[in-house]
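Bear in mind that the values here come from a model prediction, so they are computed numbers and not experimental data. Residue numbers start from 1 in every chain, and the chains themselves are labelled A, B, ... in the order their sequence lines are given, proteins ahead of strands.
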Number of protein chains: 2
Amino acid sequence: MSFDVTPQSMSFATPLPLRSGSAIGDYALAYETYGTLNADRSNAVLVCHALNASHHVAGQYAGQPKSQGWWDNMIGPGKSVDTDRFFVIGINNLGSCFGSTGPMHTNPATGRPWGADFPVVTVEDWVDAQARLLDALGIDTLAAVMGGSLGGMQALSWTLQYPERVRHAAVIASAPNLNAENIAFNEVARRAIVTDPDFHGGHFYDYGVVPKRGLTIARMIGHITYLSDDVMNAKFGRQLREGMQVRYTTHDVEFQIESYLRHQGDKFSEYFDANTYLLITRALDYFDPAAAYGGSLRAAFERAMAKFLLVSFTTDWRFSPARSREIVKALLDNRRSVSYAEIDAPHGHDAFLLDDTRYLGVVRAWFDGIAKELQ
Amino acid sequence: MSFDVTPQSMSFATPLPLRSGSAIGDYALAYETYGTLNADRSNAVLVCHALNASHHVAGQYAGQPKSQGWWDNMIGPGKSVDTDRFFVIGINNLGSCFGSTGPMHTNPATGRPWGADFPVVTVEDWVDAQARLLDALGIDTLAAVMGGSLGGMQALSWTLQYPERVRHAAVIASAPNLNAENIAFNEVARRAIVTDPDFHGGHFYDYGVVPKRGLTIARMIGHITYLSDDVMNAKFGRQLREGMQVRYTTHDVEFQIESYLRHQGDKFSEYFDANTYLLITRALDYFDPAAAYGGSLRAAFERAMAKFLLVSFTTDWRFSPARSREIVKALLDNRRSVSYAEIDAPHGHDAFLLDDTRYLGVVRAWFDGIAKELQ
């Protein structure tokens, strides 16, 4: 049971300074809101998205019954994040390909699509852009910021960049930075895209093509890292496609897992922008709030004032529970308020998007506590 | 300290029937031998290779001081597999690209390179070809067959296909079959190769090109799965390349792990054959000795008569210790003689090729036992 929503857009004329030293001027951000902002504007919850998601977090588009937002199981009337009590904001990040200004839009300096010339954006830049949207919406302080995976990194960064504007932060299936293996997978995905002859140095829009091969490979790699070994074995195992015998081929799809991955890769390459993929994976690589503090996460979190919820999933090998525990430890070392749940779920990194009674229950209880503070 | 060796080649005129129903006629196998076959021909040890290795197992080529074989730390005079006592045979598998008949050789039916028309070969086919080489060398029974990873699968298969011809089998860092995740990584690597425009449906030889982009991506993916998370973090972590600051780019090499992976990928694409990569990864996918026994590894091993050594490495996430333990369990259920060592090594799957005193000691002790049986 979902509800109808309408995406919105807001334009910004003042250039946004970026961590790279560059700036982006005259940009738009796509966003959605669910629920009602209360009289003292204290019930706003900002939801930050991960690699391939968007501002369409919850609800559905009118007349499109299969268009539920990516966290519709979590957010809505009566759900864990209850839109009868909270005013929830979904936002599409700069550089993404779902409505906010990104590489496929026109570079005012050239009159042609930005392509590879779109400025590199960081998690910190996204948070700055989100803060400006909140300013425009007249929201000074967030009841909570929340996100999973890369979205969790943005939630973390909110508590460091704007500590006085965030009362609570939910950081789910996330990490304080990428480790070498995470960067390695990103790099292979990027190489697959960049070396696709249809990439044309990032200016493929001018050639009327899309680097589909590279995007497909990138998504297949990503998908493997989102699933646990266990769930892959349970769902696909060594099963051949229905009715098939081993065919002794090197090119054909024979195993079900091959069929699944190719389908996921093909589907993704139809709608996702290659330059956006490069930008977002790079933002992941760069995120490292401890770096400015000699690698000390404890020192980095000294400035955080929010109350935290951390959630990790036992079979997540992309951002393992150990990575969440690093954050928990750094917060506890600073005597911050932290709730931490390690959910025994079989689904790997993807678990943060799925229905799990205990997981949804933990988030519900935590938001119930925030709602009580509002009264 | 190594010793000089000379590669050899043997031609076979009788066609080899393959599991696919096809056959390959008039083929050659590259091989090397180290040590001396004893009078009763009872001290032969066959070494089977993994994905990107060859018959050049030990020793070096005269005048090429950096040309040590891939298991030179394991095999040689006075080493764990002591060539002063054993007659060791390294063999290059059919379909490989290091001397044995493979896709880059001439298809007698067309007069052009086999390319994608080279018949699909399985682990079982390789073992059959190896058995014929032993026949030609006058070796009826092996003192031992040994191999790591895919080489371990061949060693396993020897004990099932020719139980009376193998007295001992050393199966190192291996698995009784690939799981869904293993197949998934193979599939992504294959897609990267097959969708490279320079692949030309596997007939790139005719076009004077090589699908370097695809091979590079394939190798980068493979390399990630060979290393443990721990060793990657220890070796590379989040370190930038020497003297570098973050540069805010999506294309450039910035992190050391990126530089390392690109180098590995580029190097590999210079020497490895794309069709061979497809063939060998498919042989890995197909290997599943339990399949003919309703999935029961216990039932499959009823016919094995050899004494076994299994070795696994704690941080190997490609073929984890749990996979070796499945084999151990199936053998014990059949009351076979099994030694099993789980080595606490940080290097992931690659550990089977590296110096580790405990690992090399376990293999040495086991082969010492075999040597005593010979006296």
Side chain / backbone / both / neither for A:Leu178 at chain B, heavy atoms under 4.5 Å
both

Against chain A, label B:Leu261 side chain, backbone, both or neither, depending on which of its atoms sit under 4.5 Å from a heavy atom there.
side chain

Can you check whether B:Thr249's main-chain N or O pairs, donor with acceptor, with A:Arg282's side chain at less than 3.5 Å?
yes

Atom CG of A:Asp230 and atom CG of B:Asn179: how far apart are they, to the nearest 0.5 Å?
9.5 Å

Within this structure, what is the OG1-CD1 distance for the pair B:Thr225 and A:Ile224, rounded to the nearest 0.5 Å?
9.5 Å

What heavy-atom pair brings A:Ile257 and B:Ala180 nearest, and what distance separates the two atoms?
CG1-O, 3.8 Å

Of all the heavy-atom pairs spanning B:Arg213 and A:Thr195, show the shortest one and how long it is.
CD-O, 2.8 Å

Decide yes or no on salt bridge (charged side-chain N to carboxylate O under 4.0 Å, His left out) for A:Arg262 and B:Glu187, but give the supporting numbers first.
CA-CA 9 Å; A:Arg262 283 202 205 181; B:Glu187 169 66 1; 2.6 Å; yes

Where on A:Asn186 is there a heavy atom nearer than 4.5 Å to chain B: the side chain, the backbone, both, or neither?
neither

Find the one option among B:Ile193, B:Asn233, B:Thr281 whose heavy-atom pairs under 4.5 Å with chain A are most numerous.
B:Asn233

What pair of heavy atoms forms the shortest contact from A:Glu181 to B:Trp317, and how long is it?
OE1-CZ2, 3.8 Å

Could you label the plane-to-plane angle of the B:Phe185 and A:Phe185 rings as parallel, tilted or perpendicular, counting under 30° as parallel and over 60° as perpendicular?
parallel

Contact class of A:Tyr286 relative to chain B, heavy atoms under 4.5 angstrom:
both

Please report the C-alpha distance between A:Arg190 and B:Glu258 in whole Å, then the side-chain angles of each, then the deciding distance to 0.1 Å, and finally whether the salt bridge (charged side-chain N to carboxylate O under 4.0 Å, His left out) criterion is met.
CA-CA 10 Å; A:Arg190 281 192 297 262; B:Glu258 296 178 307; 2.7 Å; yes

